[in-house]
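Scroll down for the structure; my scribbles are underneath it.
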Amino acid sequence: MSNSRPRSRRDPGGGAGAAGRDELVSRSLQSAEHCLGVQDFGTAYAHYLLVLSLAPELKDEVKETFQYTLFRWAEELDALNRIQDLLGCYEQALELFPDDEVICNSMGEHLFRMGFRDEAAGYFHKAVKLNPDFSDAKENFYRVANWLVERWHFIMLNDTKRNTIYNAAIQKAVRLGSKSVLDIGAGTGILSMFAKKAGAHSVYACELSKTMYELACDVMAANKMEAGIKLLHMKSLDIEIPKHIPERVSLVVTETVDAGLFGEGIVESLIHAWEHLLLQPKTKGESGNCEKYGKVIPASAVVFGMAVECAEIRRHHRVGIKDIAGIHLPTNVKFQSLAYSSVDTEETTEPYTTEKMNQVPGGYLALTECFKIMTVDFNNLQELKSLATKKPDKIGIPVIKEGTLDAIMVWFVLQLDDEHSLSTSPSEETCWEQAVYPVQDLADYGIKPGDHVMMEVSCQDCYLRIQSISVLGLECEMDVAKSFTQNKDLLSLGNEAELCSALANLQTSKPDAVEQTCVLESTEIALLNNIPYHEGFKMAMRKVLSSLTPEKPCQTIDTHCQNNETSSGTGQSNTVQSILEPFYVLDVSEGFSILPIIAGTLGHVKPYSSVEKDQHRIALDLISEANHFPKETLEFWLRHVEDESAMLQRPKSDKLWSIIILDVIEPSGLIQQEIMEKAAISRCLLQSGGKIFPQYVLMFGLLVESQTLLEENAVQGAERTLGLNIAPFINQFQVPIRVFLDLSSLPCIPLSKPVELLRLDLMTPYLNTSNREVKVHICKSGRVTAVPFWYHMYLDEEIWLDTSSEASHWKQAAVVLDNPIQVEMGEELVLSVQHHKSNVSITVKQ
C-alpha cells in the first residue's frame, strides 16, 4: 500500500524511496533464506509475500523457492488442521502466480483430500490447460473426473435405444397435454431437452452435482435451450413453490434408478414430488385434459430375479478354502463380503453389488426360472409410501437345475407408459448392469431339482433388500411333516448315544470361544481365495530367509503340532534360538493380508502386519491362535508408528528388515501411487541380503479393437443422443485409462500378440527406463481402439504372479485411444511408453 502514498517533499524524485524499498526487499530475502535454513516455513512464506508485493519483477527469480516454501508451510498447516489459513495461503499465491500449473495442482490436491472434489477438479483442469504435458495434474484430473462424472453417464448417453424410447414416451405425454415438466436428477439435461423439443411450455430441471449442473448449463446453451429450460442446482426434495418453480407441474421425468432400482432415491423423491410438486393424478375412469393432472415417467417397474451359480461371484464373496499355504482358517472367524454384511448394519450402504452378467468371466448358470419379485407403481403415492414400512415378503422358488447357489441376480423392466418400456435383463442389449445379492452363511450351497430357494424381500431404507436366503430341500420338507408324528417316539426311545451325538453336532465350537465377523472388500476375499499368490509368497520368503542363515536352513514351523513345552535333551536349541535375533518381516500391502502369519511359520521370524481395522486385527489374532502361534509373535505395525504417513521405518533403532512386502498393483489394474518412492525408502531399511517383494514387475500389453471400451470412455457423436449436442461437453471428462477390466471376458478382437511394455525394478532401480519405444507386430487387420495391460510380478527370478490369471484378485486396465487407428496385418505400430514417478502413459505412433 506504501506505493499509493504521496511522495515525501524531501524525496521529490522518489530515489530515496526506491532505495529504501530495495533495502527492505534485500533484508526480507535474507530473512526468508535464514528461515528456510531453520525450517521456519511460515515466517519464510510471509517474507516472500512481502518481497513479491514490493518487487514483482523478482517473480521469476524466486518462483521455485517460493513454491517450495508454500508447499512445506501448507503441509504444516494441514497437520495442524488450520484449513482456512492453508486455503488463504494458496489464494495469495495464486494472486501472485495465477498461471502457475504447479500451484494450481497442489491447491487441487489439498481440496481433494478435504473432500471438495468439485473445486479440486477445477484446479486440476486449469493446471492441465496451462500445461497439457504436466503428468501429475493429468493423473489428478483423471482421478477426480471418475468421481465427478461417473462412467455410466457415457454408457447411457451412447445407448441409442434407451434415448429413443425415453424421447418417444416424453413426446407422447406432451402431445397428450402434459405441458409443464420437471426433470429430477437431470445429469446432462437430455430428458429436459427432449421435453422442450416435444413442445412443453415450461420445463424445469434440478441437478445436485455442481459439476453436472455446470455441464448441463453449457449443454443447454449449445443447443439454444437455455432460455426455455430453468435449471436448478439443488435436490428435488428442496424445491419449493413458488420460490423455485411457479406452480405444480403436470409431468415429472426421471431416471434416478440404479441396478437395484431404488438405490438412487427414486421412492423418496417421488413421494416428495407427489406431495409438493406434481398436480393430482388422474383417477381411474376420469377423462379430461392431461394438463390438469400429474403423472410420472417412468409409470411403473417390475422387478425380476433368478438364483444363479457363478464361480466369479463366489470367489469374490465367499472364502471357499480352509487352509491357505499351510495356515488353517478357524471356524470362529467368519468372513463376510461388504454387500452381504450391510443387511445387519445401520449404515445405508447398498446391500448388493453390480455386474454385467452377460460379460462376467466364466459366465453363470440359471438354477431357477426367472421369478417376479415385486411391482411398483410410481403414479400411486400410497403404494410408494407403503414400500418402506411394508413387512418383508417371503418367496420360495423351485430349483430347476443342480448346481451351487452363489447369488440372486436381479433386474427390472421400467414401464415408461402403457406403450414404451426398457429392460435391464442380462439377455437384452442394454447399458445397465444387474444387481447381485451374494449368498452366504449356508451349511451347504449345493442345490438340486426338488429343492426350493427361500428368501425375504423388502424395501428398507429405500433399498431393495433380499435377505434370509436359505434352501428348503425335499427331504427337509418331508422331515418337517414327519417330526410332529415321530416326536413322542423319539423321546420314548431314550437312546443315550443318539442324544449325545445330536448334542455334539449342535456344539460346533467351545462355549467360551471368541467369534469374530470379519467384513472384507470383494477384492480382499478374492485375494484370500488366490492360492498361487500365497504359495508363491511362502516359497519366495522361505528362500530369502534360508539365504540369510546359510549355516542352518530355514525350517518351517509345523503350526498344527508345535508345542513349546516339549523339548528334548538339554534344551540347547531353544537357548540358541532365544539368543539369536529374529528376522523382521514387514507387510505394508493395503487391506487384509495373512502374509505376516505365513511368514511367522518360516522359522525365527518377527512378522508385522499393517492392517488398520480393529476387526481385521482380531481376526488375525484368532487365526494366529488357531495355528498355535506363541503370543506376541504377530505384531501390528501401526501400534509402533507415531505418524501413519511415515509407515516405512526401521523395526527398532538398531535393526533392519529382512523382507518388506509392498503393494505394487492396485486391484483396479493400475500401479500404486508413489510405489517407486516407497521402494527407494525400503531399500535403505533392508539388512544385507534382505529383499523387497515383489523384486521387479514386468508390464505387458496388446492392441485390441473394442467398441465396448470406446463407448464406456466417451459419447460417440450427436447421433447417439438423437441430434443433441452433448458429446463435446461431457467428453471433457473422459479418462484415457479404463480400470477394473476383465480382459478374459471383454468384448474385443486382439490385433497383436502380448508384448513387454515396461520393467519396474524395486530392488535395482538403474534397470528402470523412464521412456521406451516398443514395436508391435500387427497379426490381424482392424481398428486399434485400446491397449489393455497387465503385469507379471516377480518375487524372485523363478517365482512370479500373473495379474491376468484366472485366480488373480487383480483386474486389468486399458489405455483407450482418442482416435482409433486402422491397421493391416503385417504392419508395425510403435508404442511410446513413459514412466514418470508411479504414472505410466502409453501413446501409439504409426
Backbone N/O of Ala205 and side chain of Asp183: donor-acceptor pair under 3.5 Å: no
Given 3.5 Å as the limit, does a donor-acceptor pair link the side chain of Thr164 with the main chain of Thr160, or not? yes
Practice problem: Decide side chain to side chain contact (heavy atoms under 4.5 Å, CB included) for Gln467 and Ser458; before the verdict, give the C-alpha distance in whole Å, the side-chain angles of both, and the deciding distance to 0.1 Å. | Solution: CA-CA 8 Å; Gln467 52 205 82; Ser458 63; 4.2 Å; yes
Are side-chain heavy atoms of Thr354 and Gln434 found at a separation under 4.5 Å?
-> no
Item to check | Expected output: side-chain Asn158 to main-chain Phe154 donor-acceptor under 3.5 Å | outcome: yes
d(Asn140 CG, Phe124 CZ) to nearest 0.5 Å is 4.0 Å
Review point. Is the closest side-chain heavy-atom distance between Thr785 and Val816 below 4.5 Å?
Key: no
**Asked** Would a 4.5 Å heavy-atom cut-off, applied to side chains only, mark His153 and Met212 as touching?
**Response** yes
Take a 6.0 Å sphere around CD of Gln732 and say whether it holds more than 12 heavy atoms from other residues, nucleotides or ligands. yes
In short, side chain to side chain donor-acceptor pair (under 3.5 Å) pairs touching residues 306-320 with sequence neighbours left out are Glu312-Arg315, Glu312-Lys811, Arg314-Asp406, His317-Ser337, Arg318-Asp406
Determine, step by step, whether Val471 and Ile447 satisfy the side chain to side chain contact (heavy atoms under 4.5 Å, CB included) criterion, reporting the C-alpha distance in whole Å, the side-chain angles of both residues, the deciding distance to 0.1 Å, and the verdict. CA-CA 8 Å; Val471 178; Ile447 60 176; 3.5 Å; yes
Quiz item: If you measure from the Lys or Arg side-chain nitrogens to the Asp or Glu carboxylate oxygens, is any gap between Glu350 and Arg465 under 4.0 Å?
Solution: no
- Take atom CD in Glu369; do more than 12 heavy atoms of anything else shown fall under 6.0 Å from it? no
**OP:** Step through the shown structure and confirm whether more than 12 heavy atoms of other residues, nucleotides or ligands are within 6.0 Å of CD on Glu429.
**Re:** no
**Message:** Tell me whether Asn713 contacts the main-chain N or O of Leu709 through its side chain, where contact means a donor paired with an acceptor under 3.5 Å.
**Reply:** no
Within the supplied structure, the quantity of interest is the number of heavy atoms (other residues, nucleotides, ligands) at a distance under 6.0 Å from Glu383 CD; does it exceed 12? yes
- When you measure from the side chain of Ser180 to the backbone N and O of Ser250, does any donor-acceptor pair fall under 3.5 Å? yes
To the nearest 0.5 Å, atom CD1 of Ile466 lies from atom CD1 of Ile395 at 7.0 Å
Side-chain donor or acceptor of Trp274 paired with backbone N/O of Phe378 under 3.5 Å: yes
In short, side chain to side chain donor-acceptor pair (under 3.5 Å) pairs touching residues 254-266 with sequence neighbours left out are Arg162-Glu255, Thr254-Thr256, Asp258-Tyr352
Once you measure the plane-to-plane angle for Trp411 and Phe304, does it fall in the parallel (<30°), tilted (30-60°) or perpendicular (>60°) bin?
parallel
Separation between CG (Leu251) and NZ (Lys295), nearest 0.5 Å, reads 6.5 Å
In the structure I gave you, are the side-chain heavy atoms of Val413 and Ser421 within less than 4.5 Å of one another anywhere? yes
Flag the pair Asn163 / Phe194 as yes when at least one side-chain heavy-atom distance between them is below 4.5 Å, and no otherwise.
-> yes
*Please check if atom NZ in Lys230 has more than 12 non-hydrogen atoms from other residues, nucleotides or ligands closer than 6.0 Å.*
yes
Walk me through whether Lys210 and His233 qualify under side chain to side chain contact (heavy atoms under 4.5 Å, CB included). CA-CA 7 Å; Lys210 182 173 182 283; His233 178 212; 3.8 Å; yes
Quiz item: With a 4.5 Å heavy-atom cut-off, do Thr353 and Leu338 have their side chains touching?
Solution: no
Set out, in order, the CA-CA distance, both residues' side-chain angles and the distance that settles side chain to side chain contact (heavy atoms under 4.5 Å, CB included) for Cys459 and Phe262, then state yes or no.
CA-CA 8 Å; Cys459 189; Phe262 304 124; 3.6 Å; yes
Q.
Taking the side chain as everything from C-beta on, heavy atoms only, tell me whether Tyr364 gets closer than 4.5 Å to Pro426.
A. yes
- Task: Using a strict cut-off of less than 4.0 Å between a Lys/Arg side-chain nitrogen and an Asp/Glu carboxylate oxygen, indicate whether Lys172 and Asp418 qualify as a salt bridge.
- Result: yes
Open item on the list: Using only atom types and a distance under 3.5 Å, with no angle test, would you say the side chain of Trp810 pairs donor to acceptor with the backbone of Ile665?
Closed with: yes
Answer whether the closest heavy-atom distance between the side chains of Ile469 and Met454 falls below 4.5 Å.
no
